[in-house]
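Every heavy atom of this structure was used, including side-chain atoms; hydrogens, water molecules and symmetry mates were not.
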Amino acid sequence: MPHLKSNYQILKKHNLIVEYHENTLDINSYKPFKTKIIENPLYSNSLNYIINFKNVDFIMTPNEIVEYINYLKLTPKILGKKKLAFITRTPNQIVPATLYKMKQNELNQSVEIFSTYESALDWLQTDLTAEQLVEIFKELKK
């Protein structure tokens, strides 16, 4: 199984963190990635997220999703009111995203799952365009 490849960009101007992921995502690869983000000096716990899971194969059990939620609850720097837009393509991606969405109410987050960039950006109420987002994802994929 190929290792998870993850990148992100913090766009303070748009109040947004853009994440791009590909390959196999499990809890042990995702937690260190999240830690890297919150240690970035530009990070703020009020930033919204748009997370591209379109090129990911999830290998997380429902129990691991609960474990991840508990990890987040124990990481005060990550807690805060925010929106998370998950971009997915396949049922394999939608199921873990939906489980996370169902469990996240304790984290003061609003989570929605989208299949298009436009609908995710509209929900996030950002002035970032879909074309700009596509270019950011291209850069993060490198």
**Complete:** So CZ of Phe53 and CG of Asn55: to nearest 0.5 Å the spacing works out to 12.0 Å
**Request:** Starting at CG of Asp127, measure out to CG of Leu16 and round the result to the nearest 0.5 Å.
**Result:** 10.0 Å
**Prompt:** Can you tell which of Ile17, Asn15, Val18 makes a side-chain contact (heavy atoms from CB on, under 4.5 Å) with Ile10?
**Reply:** Ile17
**Complete:** On a heavy-atom basis, the closest approach of His21 and Leu4 is CB-CD1, 4.0 Å
**Asked** Can you name the residues that form a salt bridge (Lys or Arg N to Asp or Glu O under 4.0 Å) with Lys83, not counting sequence neighbours?
**Response** none
**Item:** Those residues that, when tested against Ser44, pass side chain to side chain contact (heavy atoms under 4.5 Å, CB included) (two or more places apart)
**Value:** Lys12, Ser46, Leu47
**Item:** Cation over ring face, Lys36 and Tyr30, 6.0 Å, 45°
**Value:** no
**Between CG on residue Leu72 and CD1 on residue Ile38, distance to nearest 0.5 Å** = 8.5 Å
**Message:** ring-ring contact (aromatic ring centres under 6.0 Å, His included), that's the test. Do Tyr49 and Phe86 meet it? Break it down for me.
**Reply:** CA-CA 8 Å; Tyr49 284 78; Phe86 295 161; 9.0 Å; no
**Prompt:** Taking only residues two or more places apart in sequence, or in another chain, which ones meet Asp122 in a side chain to side chain contact (heavy atoms under 4.5 Å, CB included)?
**Reply:** none
**Complete:** Interatomic distance, CG@Asp26 vs OG1@Thr24, rounded to 0.5 Å, equals 8.0 Å
**Request:** To the nearest 0.5 angstrom, please state how far the CD1 atom of Ile59 sits from the CG atom of Asn28.
**Result:** 9.0 Å
**Fill in**
Nearest heavy-atom contact between Ser110 and Trp123 is O-CH2, 3.4 Å
**Complete:** Residues passing the side chain to side chain contact (heavy atoms under 4.5 Å, CB included) test with Thr126, sequence neighbours excluded, are His14, Leu121, Leu124, Leu128
**Message:** Show, in sequence, the C-alpha distance, side-chain angles and deciding distance for Val66 and Asn70, and conclude whether the side chain to side chain contact (heavy atoms under 4.5 Å, CB included) test is met.
**Reply:** CA-CA 6 Å; Val66 170; Asn70 290 334; 3.8 Å; yes
Show which side-chain atoms of residues 133-140 pair as donor or acceptor with protein atoms under 3.5 Å away, not counting sequence neighbours.
residue, atom, partner, partner atom, Å
Glu135, OE2, Lys138, NZ, 3.4
Glu139, OE2, Lys142, NZ, 3.1

**Any residue meeting side chain to side chain contact (heavy atoms under 4.5 Å, CB included) with Lys31, in chain and number order, not counting sequence neighbours** = Ile27, Glu67, Tyr68, Tyr71
**Request:** Please report the shortest heavy-atom distance between Tyr117 and Lys54, naming the atom on each side.
**Result:** OH-CD, 4.3 Å
**Request:** Return the set of residues passing side chain to side chain donor-acceptor pair (under 3.5 Å) with Ser115 (not counting sequence neighbours), or none when no residue passes.
**Result:** none
**Fill in**
Distance col, row Leu11:CG vs Gln9:CD, nearest 0.5 angstrom, shows 5.0 Å
**Request:** Output all residues satisfying salt bridge (Lys or Arg N to Asp or Glu O under 4.0 Å) with Glu19, sequence neighbours left out; order by chain, then residue number.
**Result:** Lys34
**Prompt:** Residues in side chain to side chain donor-acceptor pair (under 3.5 Å) with Tyr8, at least two apart?
**Reply:** Asn40
**Message:** Checking the side chain of Asn23 only, and the main-chain atoms of His3 only, is there a donor and an acceptor separated by less than 3.5 Å?
**Reply:** yes
